[in-house]
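Step one of this worksheet: look at the structure below.
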Amino acid sequence: MYSIAIISDMHDWHSNEIKFYLEKFGCKVAKVSFEEIVLSLKKKRVSISGKNSLKKIDGVWVRFIKAGTLEEITSKLTILHLLEESNIYIHNSASTIEKTVDKVRTTGILEINGFNSPETSVWFSKNKNIPKLKKKQKFLVKPIFGSQGKGIILIKNIYDLLKFKPLGNVFYVQNFIGSDKQKIFSDLRILVSNHKVLSSMERYSKNFITNVHQGANFKKKLIDSEIIKTSEKISKIFGLGYGGIDIKIANKKLYVLEINSVPSWKAIQKIEKKNISQLLVRDFLKKIKKNDIN
């Protein structure tokens with residue numbers, strides 16, 4: 001069968017699940033930390049080695065890339081790019097991660113392809129020529145490279161917004177959808193794999209941040225054909241092997257909030273009868289088989 005490297009800055013329940021089912025399907029598996037990797041560029045080939053490395057790699061499953069210096073981030077992505085250039089299947093690829101980890105790029109791609117997302121403005125903090133914003137509009141200021149709902153600030157008017165100092169000196173500002181006075185805030189997390197919807201849940205909280213890692217509750221949610229069609233189309237556009245797509249419904253309108261190319265599914269597994277980990281691994285192996293044929 002195949003030799004698979006699970007590469008991550010942090011191995012947790014998800015890595016263990018992936019490893020268990022890959023081995024169940026006959027694969028040889030190694031969990032590898034990015035910081036353990038030595039990249040060799042010699043004898044007309046690219047190879048990686050490390051504490052738990054494999055001599056031969058047929059596929060790589062990327063789980064998590066933590067924040068770091070520009071050199072650290074670009075080197076990790078470059079490793080993935082070069083392995084893909086060497087005809088090794090990467091799940092998800094560096095290109096896909098680059099499109100989804102940068103919120104500005106994500107929102108831009110969504111808008112260019114005709115998807116609704118919250119009205120967004122981006123500008124450098126020293127720029128005096130800022131966009132015209134409604135005085136009574138409420139805003140969310142988000143870190144461009146943030147995750148798990150961390151660092152998101154609710155700004156209740158333009159005057160407070162102009163006093164705010166954004167992380168990295170760049171404003172990424174979205175109009176707040178709905179009312180900040182509502183008792184419960186909610187959105188949808190759609191889990192896709194091989195461009196098909198695998199499962200979905202509603203996340204809800206008394207806080208406007210509905211991320212499960214921030215303490216939000218969650219429940220199984222059946223979704224309609226429009227959401228399914230939208231999610232599967234987004235998956236294809238972003239080249240997701242698997243992913244989490246966050247959607248909000250407001251005033252009968254669908255908004256795409258974010259796309260996660262290294263999604264967690266531990267929460268959604270708690271409310272789902274089918275074995276998510278096993279299905280994700282099966283889809284992953286189909287990708288490797290297709291890559292071998294090509």
Atom [atom1] of [X] and atom [atom2] of [Y]: how far apart are they, to the nearest 0.5 Å?
X	Y	atom1	atom2	result
K236	S231	NZ	OG	12.0 Å
L222	M201	CG	CE	14.5 Å
D58	S3	CG	OG	5.5 Å
D9	E36	CG	CD	10.5 Å

For the residue pair F164 and F171, does the interplanar ring angle fall in the parallel (under 30°), tilted (30 to 60°) or perpendicular (over 60°) class?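 The rings of F164 and F171 sit tilted, inter-plane angle from 30° to 60°.
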Would a single hydrophobic cluster contain both [Y] and [X], if residues Ile, Leu, Val, Met, Phe, Trp and Tyr are joined by side-chain heavy-atom contacts under 4.5 Å?
X	Y	result
Y21	L280	yes
L240	F115	yes
V212	I245	no
I247	I177	no
Y255	V104	no

Do the non-hydrogen side-chain atoms of [X] and [Y] ever get within less than 4.5 Å of each other?
X	Y	value
S95	H81	yes
L22	L285	yes
V60	I4	no
F139	P118	no
Q214	N207	no
L41	L39	yes
I18	F284	no
V101	S261	no

Does one side chain, of [X] or [Y], offer a donor that lies under 3.5 Å from an acceptor on the other?
X	Y	answer
T210	D187	yes
N16	K31	yes
Q174	T120	yes
T107	Y172	yes

Is it true that atom [atom1] of [X] has more than 12 heavy atoms of other residues, nucleotides or ligands lying nearer than 6.0 Å?
X	atom1	answer
D180	CG	yes
K274	NZ	yes
K221	NZ	no
K56	NZ	yes
K196	NZ	no
I184	CD1	yes
E119	CD	no
E85	CD	no

Just to verify, what does Y242 make a ring-ring contact (aromatic ring centres under 6.0 Å, His included) with, not counting sequence neighbours?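 For Y242, the residues satisfying ring-ring contact (aromatic ring centres under 6.0 Å, His included) (neighbours in sequence not counted) are W61, H91.
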Kindly write out the residues that satisfy ring-ring contact (aromatic ring centres under 6.0 Å, His included) with H14, not counting sequence neighbours, or none if the list is empty.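 Here the qualifying residues are W265.
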Does a salt bridge link [X] with [Y], judged by any charged N lying under 4.0 Å from a carboxylate O?
X	Y	value
K142	E258	yes
E71	K76	no
R203	D246	yes

Decide yes or no on side chain to side chain contact (heavy atoms under 4.5 Å, CB included) for K248 and L188, but give the supporting numbers first. CA-CA 6 Å; K248 186 175 183 66; L188 302 173; over 6 Å; no
Would you name the heavy atoms of [X] and [Y] that are closest together and state the gap between them?
X	Y	value
I6	H11	O-CE1, 3.2 Å
I155	N157	CG2-O, 3.3 Å
V62	N92	CG2-O, 3.7 Å
G244	R189	CA-CD, 3.7 Å
L167	P143	CD2-CB, 4.0 Å
S205	A216	CB-CB, 3.9 Å

Side chain to side chain contact (heavy atoms under 4.5 Å, CB included) between E98 and L77: does it pass, once the steps are laid out? CA-CA 8 Å; E98 288 165 352; L77 292 171; 3.8 Å; yes
Assess whether side chain to side chain contact (heavy atoms under 4.5 Å, CB included) is satisfied between F185 and S179, documenting all intermediate values. CA-CA 9 Å; F185 301 87; S179 170; over 6 Å; no
Can a donor-acceptor pair be found, under 3.5 Å and without considering hydrogens, that links the side chain of [X] to the backbone of [Y]?
X	Y	value
S86	I88	no
E232	V197	yes
Q269	K266	no
T100	T96	yes
D283	K286	no
N113	I109	yes
E23	F20	no

Let me see the working for I276 and L198 under side chain to side chain contact (heavy atoms under 4.5 Å, CB included), right down to the final yes or no. CA-CA 8 Å; I276 299 293; L198 195 58; 4.2 Å; yes
Given S117 and E111, is the side chain to side chain donor-acceptor pair (under 3.5 Å) satisfied, shown in steps? CA-CA 7 Å; S117 55; E111 290 293 334; 2.5 Å; yes
When you measure from the centre of the six-membered ring of Y204, is the NZ or CZ of K219 closer than 6.0 Å and no more than 45° off the axis?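 K219 over Y204 ring: yes.
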